[in-house]
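Since the structure comes first, as structure tokens, the remarks are kept for the end.
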Amino acid sequence: MLLFDMRAVETKAVQVDAELSPQDAIWRQGDSVPAAALRVTGRLSPAGSGGFYWHGRLAGDVTLPCRRCLTDTTVHVQDEAYVIFAEAGSDEADDPDVFVLDERSNDLDLRPAVREQWLLNVPAFAVCREECKGICPKCGKDLNEGSCEHIPPTLKTNGRT
């Protein structure tokens with residue numbers, strides 16, 4: 001569960017131990033969505049008048065195309081997160097790194113903060129393996145499966161194929 005009653009958290013910290021599904025409505029088109037449920041843990045604490053602080057960890061896998069051969073590869077992503085939530089209209093709410101609480105709700109939803117932390121940590125590029133040879137720029141053959149006639153002889157003798 002990533003939705004907390006702020007009234008309960010105002011008096012004492014709560015443990016966060018939940019999963020965020022890849023099918024959750026928080027994900028938007030174009031997001032690097034986790035391949036399976038994203039693990040979210042940590043502690044949500046009161047932080048002054050009307051504010052809250054979440055210190056936690058997120059971990060999951062994402063499937064990305066290899067930047068060399070374009071085959072899908074799975075990358076493990078994990079990070080430690082430090083997030084501040086503040087009431088609308090407070091001095092802290094002007095900070096772009098602070099999540100503003102919905103003044104019409106008694107609930108604090110961690111999902112937008114988790115989504116942002118996830119997207120900041122997913123790599124832009126992945127490589128299936130360090131020795132990946134990529135694809136031929138002329139015919140598109142996967143050079144990991146063997147060479148083609150388009151690879152110049154100098155590259156063949158330099159150990160690329």
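Since the structure is predicted, the reported quantities are computational estimates derived from the model, not experimental observations.
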Next on the checklist: For Trp27 versus Pro22, what's the shortest heavy-atom pair and its separation?
Outcome noted: CD1-O, 3.4 Å

Checklist entry - Looking only at heavy atoms, which two atoms of Cys128 and Thr73 are closest? And how far apart? => result CA-OG1, 3.6 Å

Checklist outcome for this item: CG of Asn144 to SG of Cys66, rounded to nearest 0.5 Å, is 7.5 Å

Checklist entry - Between Ala59 and Gln78, which heavy-atom pair has the shortest distance, and what is it? => result CB-CB, 3.9 Å

Item to check | Side-chain touch Tyr53/Phe85, heavy atoms, less than 4.5 angstrom | outcome: no

Item to check | SB check Arg68 Glu131 (cutoff 4.0 Å) | outcome: no

Next on the checklist: Does Ile84 have more than 12 heavy atoms from other residues, nucleotides or ligands lying within 6.0 Å of its CD1?
Outcome noted: no

Item to check | Interatomic spacing from CD in Glu10 to CG in Asp5 - rounded to 0.5 Å | outcome: 8.5 Å

Item to check | Steps toward side-chain contact (heavy atoms from CB on, under 4.5 Å) verdict (His55, Glu80) | outcome: CA-CA 7 Å; His55 172 214; Glu80 197 163 351; 2.6 Å; yes

Item to check | Approximate separation, where rounding is to 0.5 Å, of Phe99 CZ and Leu110 CG | outcome: 9.5 Å

Item to check | Within one Ile-Leu-Val-Met-Phe-Trp-Tyr cluster: Met6 and Val100, side-chain cutoff 4.5 Å | outcome: no

Next on the checklist: Does Arg67, at its CZ atom, have more than 12 non-hydrogen atoms belonging to other residues, nucleotides or ligands within less than 6.0 Å?
Outcome noted: no

Next on the checklist: Would you compute the distance between atom CG of Leu70 and atom CG of Leu64 and round it to the nearest 0.5 angstrom?
Outcome noted: 12.0 Å

Item to check | Heavy-atom side-chain proximity of Leu2 to Leu20 below 4.5 angstrom | outcome: yes

Checklist entry - Are Ile26 and Pro112 side-chain neighbours, meaning at least one heavy-atom pair lies under 4.5 Å? => result yes

Checklist entry - Can you hop from Val98 to Leu101 via hydrophobic side chains spaced under 4.5 Å? => result no

Checklist entry - What distance do Phe52 atom CZ and Glu87 atom CD have between them, rounded to the nearest 0.5 Å? => result 8.0 Å

Name the atoms and distances for all side-chain donor-acceptor pairs under 3.5 Å in residues 37-44, with sequence neighbours left out.
residue	atom	partner	partner atom	Å
Arg39	NH2	Asp17	OD1	2.2
Arg39	NH2	Asp17	OD2	3.4

Checklist entry - With distance as the sole test, does Thr11 use its side chain to make a donor-acceptor pair with the main-chain N or O of Ala8 at under 3.5 Å? => result yes

Item to check | Gap separating the CG atom of Leu3 from the CG atom of Leu108, nearest 0.5 angstrom | outcome: 8.0 Å

Checklist entry - Linking I/L/V/M/F/W/Y whenever their side-chain heavy atoms sit closer than 4.5 Å, directly or via other members, would Val127 and Ile135 fall into one cluster? => result no

Checklist entry - Are the side chain of Asp107 and the backbone of Asp109 linked by a donor-acceptor contact shorter than 3.5 Å? => result no

Please tabulate, one pair per line, all N/O donor-acceptor pairs under 3.5 Å involving side-chain atoms of residues 114-124, not counting sequence neighbours.
residue	atom	partner	partner atom	Å
Arg115	NE	Asp31	OD2	2.8
Arg115	NH2	Asp31	OD1	3.0
Arg115	NH2	Asp31	OD2	3.2
Trp118	NE1	Ser32	O	2.6
Asn121	ND2	Asp79	OD2	3.1
Asn121	ND2	Gln117	O	2.7

Item to check | Minimal non-hydrogen separation, Cys136 against Cys148, with atom names | outcome: SG-SG, 3.5 Å

Item to check | Residue pair Asn106 / Arg7: nearest heavy atoms and the distance that separates them | outcome: ND2-NH1, 3.3 Å

Checklist outcome for this item: Taking every heavy atom of Ala13 against every heavy atom of Ser45, the minimum-distance pair comes out as CB-OG, 3.6 Å

